Peer 1: 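I have a structure I would like to understand better, so I am pasting it below and will then ask my questions one at a time.
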Amino acid sequence: MAHVSAIAVLAGPLVANNLALSGMSLSDTIMAGRLSRLDLAAVAVGNGLWMLFFLFGLGVLMAMSPSAAHAVGDKRYRQVGVYCRQTLWLSQALALLLFFGLRGAANLLEPMGIEPSVAPVTRGYL
């Protein structure tokens, strides 16, 4: 039973984070849906594109958890700090890369087949 409560304590922030991300998309969709079909379409396309970039960055950064856990299991506690610092630097580099990548991807909406009337609104949303 102690394991269940320990896991619940660790899972709490992750659950809150996922609910916040879903809530942002939900609130954007609700607000855009009250404006027009064009805005709703732009938010749907923008959320999909943004989520692609977000999950790529998240997937890269999640590699730190097993590395740190392995170091803790081997009782190499100083190595955990090294992994954390490297991940912080990597997160900043990824943020810049993904920021400019997302801006560049916004210019590829029409070649991807997004309707020409939706593309400029999607660029504004992104």
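Everything quoted here is computed from the prediction, not taken from an experiment.
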Peer 1: What pairs with Ser65 under side-chain hydrogen bond (donor to acceptor under 3.5 Å, both in side chains), at least two apart in sequence or on another chain?
Peer 2: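 For Ser65, no residue satisfies side-chain hydrogen bond (donor to acceptor under 3.5 Å, both in side chains) once neighbours in sequence are set aside.
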Peer 1: With clusters defined by side-chain heavy atoms of hydrophobic residues (ILVMFWY) lying less than 4.5 Å apart, directly or transitively, does Met64 cluster with Trp89?
Peer 2: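 Per the 4.5 Å side-chain linkage, Trp89 and Met64 are not co-clustered.
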Peer 1: Is there a path of hydrophobic side-chain contacts, each under 4.5 Å between heavy atoms of I/L/V/M/F/W/Y residues, joining Met62 to Val60?
Peer 2: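 Yes, Val60 and Met62 fall within the same hydrophobic cluster.
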Peer 1: Can you tell me how far the CG atom of Leu126 sits from the CG atom of Leu109, to the nearest 0.5 Å?
Peer 2: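 Spacing of CG (Leu126) from CG (Leu109) equals 7.0 Å.
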Peer 1: Around atom CE of Met112, are there more than 12 heavy atoms from other residues, nucleotides or ligands closer than 6.0 Å?
Peer 2: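 More than 12 within 6.0 Å, yes.
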Peer 1: Determine whether Phe53 and Leu61 fall in the same hydrophobic cluster, where Ile, Leu, Val, Met, Phe, Trp and Tyr are linked whenever their side-chain heavy atoms lie under 4.5 Å apart.
Peer 2: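 Yes; Leu61 is reachable from Phe53 via cluster members.
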Peer 1: Does any non-hydrogen side-chain atom of Tyr83 lie less than 4.5 Å from one of Gln86?
Peer 2: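 With C-beta onward as the side chain, the pair touches.
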Peer 1: Which pairs count as side-chain hydrogen bond (donor to acceptor under 3.5 Å, both in side chains) when at least one residue sits in residues 96-108, sequence neighbours excluded?
Peer 2: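 Sorted result for residues 96-108: empty, none.
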Peer 1: With a 3.5 Å distance limit and no angle check, can you tell me whether Ser5 reaches the backbone of Ala2 through a side-chain donor-acceptor pair?
Peer 2: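 Side chain of Ser5 to backbone of Ala2: a pair is present.
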Peer 1: Between Ala106 and Arg123, what is the shortest heavy-atom contact and its length?
Peer 2: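 So the minimum-distance heavy-atom pair works out to O-NE, 3.1 Å.
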Peer 1: Looking at Glu110 and Ala119, what are the two nearest heavy atoms and their distance?
Peer 2: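 For Glu110 versus Ala119, the nearest heavy atoms are OE2-CB, 3.6 Å.
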Peer 1: I need the full list of ring pair (Phe, Tyr, Trp, His ring centres under 6.0 Å) pairs touching residues 7-29, with sequence neighbours left out, sorted by first then second residue.
Peer 2: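 Those involving residues 7-29 do not exist here.
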Peer 1: Look at the side-chain heavy atoms of Ile, Leu, Val, Met, Phe, Trp and Tyr, link any pair under 4.5 Å apart, and say whether Met51 and Leu49 land in one connected group.
Peer 2: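 Met51 and Leu49: one cluster.
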Peer 1: With rounding to the nearest 0.5 Å, note down the distance linking CG in Leu26 to CE in Met31.
Peer 2: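 One gets 10.5 Å once the value is rounded to the nearest 0.5 Å.
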Peer 1: Please identify each residue that fulfils side-chain hydrogen bond (donor to acceptor under 3.5 Å, both in side chains) with Glu115, with sequence neighbours left out.
Peer 2: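 With neighbours one apart ignored, the set is Ser117.
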Peer 1: Using a cut-off of 6.0 Å, state whether more than 12 heavy atoms not belonging to Phe56 lie near its atom CZ.
Peer 2: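 Counting other residues, nucleotides and ligands, CZ of Phe56 stays at 12 neighbours or fewer.
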Peer 1: Can you give me the closest heavy-atom contact between Pro120 and Pro116, atom names plus distance?
Peer 2: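 Nearest pair, atom of Pro120 first, then Pro116: CD-O, 3.1 Å.
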Peer 1: Are Leu19 and Leu21 connected into the same hydrophobic cluster when the rule is that any two of I, L, V, M, F, W, Y join if their side-chain heavy atoms are below 4.5 Å apart?
Peer 2: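 No, Leu21 and Leu19 fall in different hydrophobic clusters.
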Peer 1: Please round to the nearest 0.5 Å and tell me the distance separating atom OG of Ser91 and atom CG of Leu58.
Peer 2: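 Those atoms lie 11.5 Å apart.
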Peer 1: Which residue pairs pass the side-chain hydrogen bond (donor to acceptor under 3.5 Å, both in side chains) test with at least one member in residues 40-54, sequence neighbours excluded?
Peer 2: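 Residue pairs with at least one partner in residues 40-54: Asn47-Tyr125.
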Peer 1: Ignoring hydrogens and angles, write down the donor-acceptor pairs under 3.5 Å from the side chains of residues 35-44, residues two or more places apart or on other chains.
Peer 2:
| unit_1 | atom_1 | unit_2 | atom_2 | d |
| --- | --- | --- | --- | --- |
| Ser36 | OG | Leu38 | N | 3.4 |
| Ser36 | OG | Asp39 | N | 3.1 |
| Ser36 | OG | Asp39 | OD2 | 3.0 |

